There are 2 protein chains.
Amino acid sequence: MRRSVLKNLRGLLTPDPRKAWVVDRIPGAAVAVEDGRVAWIGTEAHLPAAWADAPVVDGGDAWVTPGFVDPHTHLLFGGDRSQEFNRRLHGVPYTQIAAEGGGIRETVRATRTATVAELVAAGEARLREMRDRGVVHIEAKTGYGLELEAESRLCEAYLELKAKGWSLDVTLLPAHDIPTEFAGDPEGYSRLVAEQWLPELVHRFPGLARYCDVFIETGVFTVEQGRRIFQAGKALGLQARVHADELSWTGGAELAAELGGASADHLMFCSEAGMKAMAASGVTPILLPTTTLFLGMRDWAPARKMIESGCRVALASDFNPGSSPCLDPLLVLRLGCLQLRMTFEEAYTAMTLHAAQSLGRPDLGHLHPGAEATVLLWDVKDPLEWVYWVGGTFRPRTLN
Amino acid sequence: MRRSVLKNLRGLLTPDPRKAWVVDRIPGAAVAVEDGRVAWIGTEAHLPAAWADAPVVDGGDAWVTPGFVDPHTHLLFGGDRSQEFNRRLHGVPYTQIAAEGGGIRETVRATRTATVAELVAAGEARLREMRDRGVVHIEAKTGYGLELEAESRLCEAYLELKAKGWSLDVTLLPAHDIPTEFAGDPEGYSRLVAEQWLPELVHRFPGLARYCDVFIETGVFTVEQGRRIFQAGKALGLQARVHADELSWTGGAELAAELGGASADHLMFCSEAGMKAMAASGVTPILLPTTTLFLGMRDWAPARKMIESGCRVALASDFNPGSSPCLDPLLVLRLGCLQLRMTFEEAYTAMTLHAAQSLGRPDLGHLHPGAEATVLLWDVKDPLEWVYWVGGTFRPRTLN
């Protein structure tokens, strides 16, 4: 057994997995670690005698926290969209950009022509940046292939990233958009995805994906088409994560609740019935405020109403090239506080414990005994500074 | 004469001081520098023969730009307000925090008890952070003393920072708030500032301050009290910069125009008449979007209307401990694009050329011949990435 005690800490900050929305703050803390798991936390003065002879690791007067978990990313894609972005700033509507073959279609073209090695290299650079900013585990979607072989290459790249040791959960999202080959036929495409592609991808990459996702939105996929794909996924062991109620209300949150899904994401236009249904069925609402910022929208997701409805809200980056090229968890945290009007403790819980719970990982997102010791050290007077110094860059130290 | 040519540049980005809102992009650029001033810019292939034998500096394939100018900061203050900030996130209204002696009063207490050495040390740390992110010149206000000797110590600290080589313009702002000693008597306080303190501060620190400022707002100082202070300042050679129309319309922009002021700042509730008056009289509207973000407000300043009204809009950080603890110019730039809906070129011009013009510095904020060679090198494919990678950290290299 490998045992050690982390001492000389200014404080410890961790959500309490046993109590809703409670964040423990332990000044002068110590953390006892055994075989990579947290065995004990408390004030250094109260360290149990059994740990007296364990090797000591010096925390250097830092705050210690668990790592952030990011439960909604589109990690892998080819190209970027910075030029299109400037056209949008100049007032060119997205519909026009899309009609000219830009927008998501540009990313789909670049993704279809990318090799697995190129995808892996781009993904690793992005994962490194996220890790350097405190993210220890992410959810990562396919969805810029929109054809079987391209979606398959994305799976292959994710498999390789996992083999390299990156901690991520894969979600299959061939129904991210209607590919040009199926223009005007979302019904046919949704059948193809449900009946052929999902089974084929699960067959080719057994055990890789844990979730499937559908972009349910006016003009993209209906609730009925989504249900078809999610039910096919369920039969293959894939739990639902739903792109829901992002640009208009379509009932995506209600569908996630009906299906016993893991999460419904975006939710700017979620109904009160949808909130209650998510709370009752244990679906995690995942809010993506950097997307609202980046699209210049004024409709921030109703986080406060969701919390009051009993939902265990989570926050995520939505990292993607078109609407949230954001690899910084602290920008998400800041917008959670400043624009979604969550308290620091709520937003922090949303990016750690609740994010991990939405991915079925009770051992992540906190540092109570039993947790994986994803221990980050922050040289700040108080973690509040992450939000307060609103333009600041904070990168944690790690023990390795 | 010291001459050099900066070569091997991916590109050069600079506002054109002769054309409204035009930003030049020169791929494969070179910059000829003579005695610290730009002597020539163009494509490297067209470098005039006269520069053929000048020493070459390798730009390392970077983009070269002028430095950012920040025309509205409250650089010097004691303490910080991160604890109060969390109370605000928990829904405690600012009025209650203020009634309990918190808010700006807490900063005033901490500033009054700070030594000049402490103020200088805090100021230098902040200036270093801004410089490392590309800011080469700032405006910096007094205003957390609210008594003659404390305001005087702030001037002394600014004098020392200038002596250490920091490039800043000082604005006297004793009328930042009504001090507790004058509670209920803004009229008496505004007379004291106008008749005694401004003359005394100018007498003690000749040539230090170039501007004076008043917080004109419902419940603080009226337009009439502001006019009294600004007229006293004018007689002392101080041009007006006005905290105007931040929380409600009070006519601050109109007053700035009437007085021939340098700028009117904040302006979330500026009238259309105020916009036209600023455009006609050459007052620079300075918008502070990080403040809107940090206060969680939904009323972003009407930048587009101002541009359409013919105003030369500038952007600034409003760096201060209560409503904008932001030292990152790129966050200001991002919010200018994403929430104020300026194009990249407009927001960039607003943070360089127009910011410098509001401070009477035609030699800053661009790299056309005659400009101070405040040359920054950015290792990006394109400067658009500053905004596009919305959570990213970018720090320029300098030639020194």
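To find a chain, count down the sequence lines: A is the first, B the second, and so on, and within it residues start at 1. What you see is a predicted model, and the numbers here were worked out from it, not measured in a lab.
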Is it the side chain or the backbone of [X] that comes within 4.5 Å of chain A heavy atoms, both, or neither?
| X | answer |
| --- | --- |
| B:Arg304 | neither |
| B:Leu335 | side chain |
| B:Phe294 | both |
| B:Asp80 | both |
| B:Glu345 | side chain |
| B:Val332 | neither |

Do [X] and [Y] have side-chain atoms, one donor and one acceptor, less than 3.5 Å apart?
| X | Y | value |
| --- | --- | --- |
| B:Thr393 | A:Thr393 | yes |
| A:Arg334 | A:Thr290 | no |
| B:Asp24 | B:Thr14 | no |

Using a cut-off of under 4.5 Å for heavy-atom pairs, which of [options] has the most such pairs with chain B?
| options | value |
| --- | --- |
| A:Gly296, A:Ala347, A:Pro329 | A:Gly296 |
| A:Gly391, A:Pro325, A:Cys337 | A:Pro325 |
| A:Met342, A:Gln339, A:Arg88, A:Gln83 | A:Gln339 |
| A:Leu331, A:Leu293, A:Val387, A:Asp328 | A:Leu293 |

To the closest 0.5 Å, what do you measure between CG (A:Asp61) and CG (A:Leu9)? 8.5 Å

In terms of ring plane angle, is the pair [X] and [Y] parallel, tilted or perpendicular, where the classes change at 30° and 60°?
| X | Y | answer |
| --- | --- | --- |
| B:Tyr348 | B:Phe344 | parallel |
| B:Phe77 | B:Tyr144 | perpendicular |
| A:His354 | A:Trp21 | perpendicular |

Who wins among B:Glu346, B:Glu385, B:Arg341 for the most heavy-atom pairs under 4.5 Å with chain A? B:Arg341

